[in-house]
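Before any comments, here is the structure.
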Amino acid sequence: MKTLRLRAGKERSLLRRHPWIFESAIERGGGDSGETVRVEGHDGQFLGWAAFSPSSKIRARVWSFDEAQRIDAAFFSRTIALALQARSRFDIQSDGMRLVHGESDGLPGLIVDRYGDTLVAQFTSAGVERWKAVIADALLAHTGLSQLYERSDASSRALEGLPEATGWLRGSGATDLVLREHGWQLALDIAHGHKTGFYLDQRDSRKRFADHAKRLQFQRVLNCFCYTGGFTVAALSGGAAHVTSIDSSGPAIAQAAANVALNGFAPERAHFMDADVNASLRQFAQAGKTFDAIVLDPPKYAPTVAHAERAARAYKDINRLAFKILEPGGVLFTYSCSGGISADLFHKIVASAGADAGVDGFITERMGGAPDHPMTISFPEGEYLKGLVVMRKP
Ligand code: SAH
């Protein structure tokens with residue numbers, strides 16, 4: 001058994017059950033890509049069993065803190081079964097859900113989403129890459145499904161020294177699917193869509209947006225960074241009179257328009273713009289065009305804390321512009337999915353955007369990722385998605 005000896009004083013985070021071991025914490029030792037190593041403190045004390053990753057800054061990720069645990073097929077089978085068991089206790093009103101959420105489910109680097117009868121997996125660490133076949137078999141065995149598509153094309157693969165890999169891992173079938181979320185239908189493309197095809201993490205926020213549309217009888221809605229139109233369909237289903245949706249991805253816009261039709265909404269109620277959000281917001285502000293509800297769900301501006309400052313400016317900019325074109329009494333659903341921006345910092349950014357726009361508002365709700373994208377108390381990095389619902393003072 002290969003070992004990894006940590007430098008003196010570097011044991012603390014592992015003792016708190018945090019699963020990452022950075023390159024700088026290691027005194028000596030190692031293994032092959034994805035190989036299980038015994039991690040020990042400076043004094044030789046056992047700390048955990050981890051997967052070694054020779055070219056990543058996160059040099060190893062812990063599978064287990066239990067010395068008696070063997071890292072084998074039975075371990076993966078049991079860990080996956082526990083992740084599925086947790087899902088059965090979460091409130092998920094959809095046939096699309098995240099079954100495995102990486103570190104939070106004890107499987108660092110593994111993402112598995114279920115869309116109806118099809119599973120889509122992303123392997124983004126050397127450890128799960130090495131155990132891919134075992135993991136694939138366990139996923140099918142525990143779900144009783146036969147189709148598993150691989151979307152290992154995330155940029156984080158490169159940090160682990162792994163090449164891209166996409167295609168059917170088990171079984172085969174259609175890659176354009178329709179999922180049922182709340183009461184509506186949403187078509188997606190698991191082969192070409194973003195991530196595994198859809199942003200499941202915003203499920204609860206889409207529901208809240210539909211609820212608001214119904215209660216406040218939105219007339220003019222603006223959905224910025226609409227992707228395939230999840231918030232657009234939510235607003236229309238809540239009875240919003242008209243929704244303008246913006247995204248800079250042509251295929252996403254086409255899918256969004258198709259989703260409006262799929263749910264039987266009249267095309268006149270939806271307008272789509274294949275455009276840059278920042279430029280569009282500026283144009284609306286100049287033209288004096290206003291909305292009574294706005295969604296701002298931008299891509300990840302700050303993957304890590306190192307990008308936070310520049311990202312903060314970008315978030316502030318779009319929020320300031322959105323406040324300027326928000327009607328008094330109107331609501332803004334604003335999000336950051338950046339791990340590098342804390343909930344506290346995001347609140348400050350939105351506050352300073354409001355101050356610059358000369359607008360004050362009530363924070364009526366704080367939002368996070370849907371429960372199938374859980375964070376655990378031992379892994380605070382799991383909190384990436386945060387949102388605020390702000391009602392402009394009437
Ligand atoms: N709200 C969506 C998810 C948004 S993901 C949902 O519920 O499904 C972020 C989206 O922003 C992506 O679709 C991406 O194409 C788009 N995007 C990124 N930069 C953009 C820009 N500058 N202008 C417009 N759209 C942009």
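Keep in mind it's a predicted model, so treat the numbers as computed, not measured. Atoms within a ligand are numbered from 1 in the order they appear, just like the ligands themselves.
Heavy atoms of Ser248 come nearer than 4.0 angstrom to ligand 1 in at least one pair. The shell of residues lying under 4.0 angstrom from ligand 1, judged by heavy atoms, excludes Ile246.
If you check which protein heavy atom lies closest to atom 18 (C) of ligand 1, you get Pro299 CG, 3.4 Å. Given atom 10 (C) of ligand 1, the protein heavy atom at minimum distance is Asp247 OD2, 3.4 Å. For atom 6 (C) of ligand 1, the closest heavy atom belonging to the protein is Arg206 NH1, 3.7 Å. Closest protein heavy atom to atom 4 (C) of ligand 1: Phe225 O, 3.2 Å. Here the protein heavy atom with the shortest distance to atom 1 (N) of ligand 1 is Asp297 OD2, 2.7 Å.
To the nearest 0.5 Å, the span separating CG on Leu388 from OG1 on Thr364 amounts to 9.0 Å.
Between His192 and Asp189, the side chains place a donor N or O and an acceptor N or O closer than 3.5 Å (distance only, hydrogens not considered).
For the pairing with Asp211, the side chain to side chain donor-acceptor pair (under 3.5 Å) check across Lys207, Arg215, Lys214 returns one residue only, Lys207.
The 12-atom threshold is not exceeded at NZ of Lys57, counting heavy atoms of other residues, nucleotides or ligands nearer than 6.0 Å.
Proximity of Ala275 to ligand 1, defined as any heavy-atom pair under 4.0 Å, is confined to the backbone N, CA, C and O atoms.
The nearest non-hydrogen atom to atom 5 (S) of ligand 1, considering only Tyr199, Phe209, Phe231, Phe198, comes from Tyr199.
Here is the list of ligand 1 atoms found below 4.0 Å of a heavy atom in His194: 12 (C), 13 (O), 14 (C), 15 (O).
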Inset, instruction - Would you please test Arg87 and Asp105 for salt bridge (Lys or Arg N to Asp or Glu O under 4.0 Å) and show each step? - result: CA-CA 11 Å; Arg87 298 317 180 266; Asp105 285 301; 2.6 Å; yes
